[in-house]
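Here is the structure we will look at.
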Amino acid sequence: MPRDTLTADRIVHAAIELLDEEGLDGLNMRSLAKRLGSAATAVYWHIKTKDDLVRLASDTVWHEVELPDLDATDWRTAATAQADGMHAMLTRHPWLVQAFGSHLLYGPGQARYNDFSLAVYEKAGFAADDADRAAGTVFTFVLGSTLGPAAQVSLNRRLGRNGADAEQLLADAVARAAETAMEFPRLRERLGTKAAREYAAAPDSTFEFGLRSLLDGFEARLAADRAGRRE
């Protein structure tokens, strides 16, 4: 493919596909150029470094998060929809969870998400500083809730690249973990659950439970603040 038929947008979307399939470690300009039917030098003409490419790819996927109309709904419904959207996006693109710890990420897609977060918690009744804290708390919770699934994807990929039987290795690890858990009473009681049978799994509805608990806490704090101002 001649250089002038490429665009930065096409390169970024091809990079997202490659990242979804191979993760951060599998992204390189040679593999990307092959996917595009081009030469690596042509890719470099549009995007100078791999770090730039990861930053652009990450910001593009932030646009996948649908943000509700805040004027047409209450703050809690909007907060739940926004957090659900972020969680779904990170689940589709587990490489982004890893990229947070290894790349400088910014851009209009992420800024759009962050600005909406502040609007949500200001509508709830938080002052500016506390709206920042509330938004940051939920962001951190959603990100943390996707670490397990992202780690599972990364681990399976790494084991597979080493020529190992990933499923057998994971089964062996779970079995050894179960042997260790037998020594601890509360863990022993839970050995028959799905979370205990699958590596890096969490109990069903853990994300929903945690998000609901956070928002319940926000509502309780706002109610206490309002009561304090009336006294």
Side-chain heavy-atom pair Q82, L67 within 4.5 angstrom cut-off: yes
With F207 via ring-ring contact (aromatic ring centres under 6.0 Å, His included) - residues at least two apart: H87, F141
Gap between atom CZ of R190 and atom CZ of F184 - 0.5 Å precision: 14.0 Å
Heavy-atom pair with the smallest gap, counting every atom of W95 and G23: CB-CA, 4.3 Å
Nearest-0.5 Å distance that lies between atom NZ in K50 and atom CG in L27: 5.0 Å
Where T5 and R10 come nearest, the two heavy atoms and their spacing: O-NH1, 3.4 Å
ILVMFWY network linking L118 to L214, side-chain heavy atoms under 4.5 angstrom: no
Euclidean distance, L19 CG relative to S58 OG, rounded to 0.5 Å: 9.5 Å
Non-hydrogen side-chain atoms of L53 and L32 separated by less than 4.5 Å: yes
4.5 Å side-chain heavy-atom contact, D9 and T60: no
Any side-chain heavy-atom pair of E64 and R92 under 4.5 Å: yes
Residue list, ring-ring contact (aromatic ring centres under 6.0 Å, His included) with F126, at least two apart or on another chain: F218
Over 12 foreign heavy atoms within 6.0 Å of CZ, R112: yes
Sole candidate of L143, V61, T146 that passes side-chain contact (heavy atoms from CB on, under 4.5 Å) when paired with L96: V61
4.5 Å side-chain heavy-atom contact, H103 and L24: yes
ILVMFWY network linking Y106 to V54, side-chain heavy atoms under 4.5 angstrom: no
N/O donor-acceptor pair under 3.5 Å between D59 side chain and G109 backbone: yes
Heavy-atom side-chain contact between D132 and Y121 under 4.5 Å: no
Side-chain ion pair, D216 and R76, N-O less than 4.0 Å: yes
Pairs flagged by salt bridge (charged side-chain N to carboxylate O under 4.0 Å, His left out) wherever residues 30-41 is involved - sequence neighbours left out: E17-R35, E21-R35
Any P108 side-chain heavy atom under 4.5 Å of W62 side chain: no
Spatial distance of atom CE (M86) from atom CD (Q110) [nearest 0.5 Å]: 8.0 Å
Any donor-acceptor pair under 3.5 Å from T73 side chain to D69 backbone: no
From CG (L56) to CD1 (I11), nearest 0.5 Å: 10.0 Å
Least distance between heavy atoms, S31 atom then L18 atom: CB-CD2, 4.0 Å
From T80 atom OG1 to W75 atom CH2, the distance as rounded to the nearest 0.5 Å: 8.0 Å
Which atom of A8 lies closest to which atom of H46, heavy atoms considered: N-ND1, 4.1 Å
Heavy-atom closest contact (V120 atom, A79 atom, distance): CG1-CB, 3.8 Å
Minimum-distance pair of heavy atoms, taken over all atoms of A135 and S117: CB-CB, 3.8 Å
Close side-chain approach of L105 and F100, heavy atoms under 4.5 Å: yes
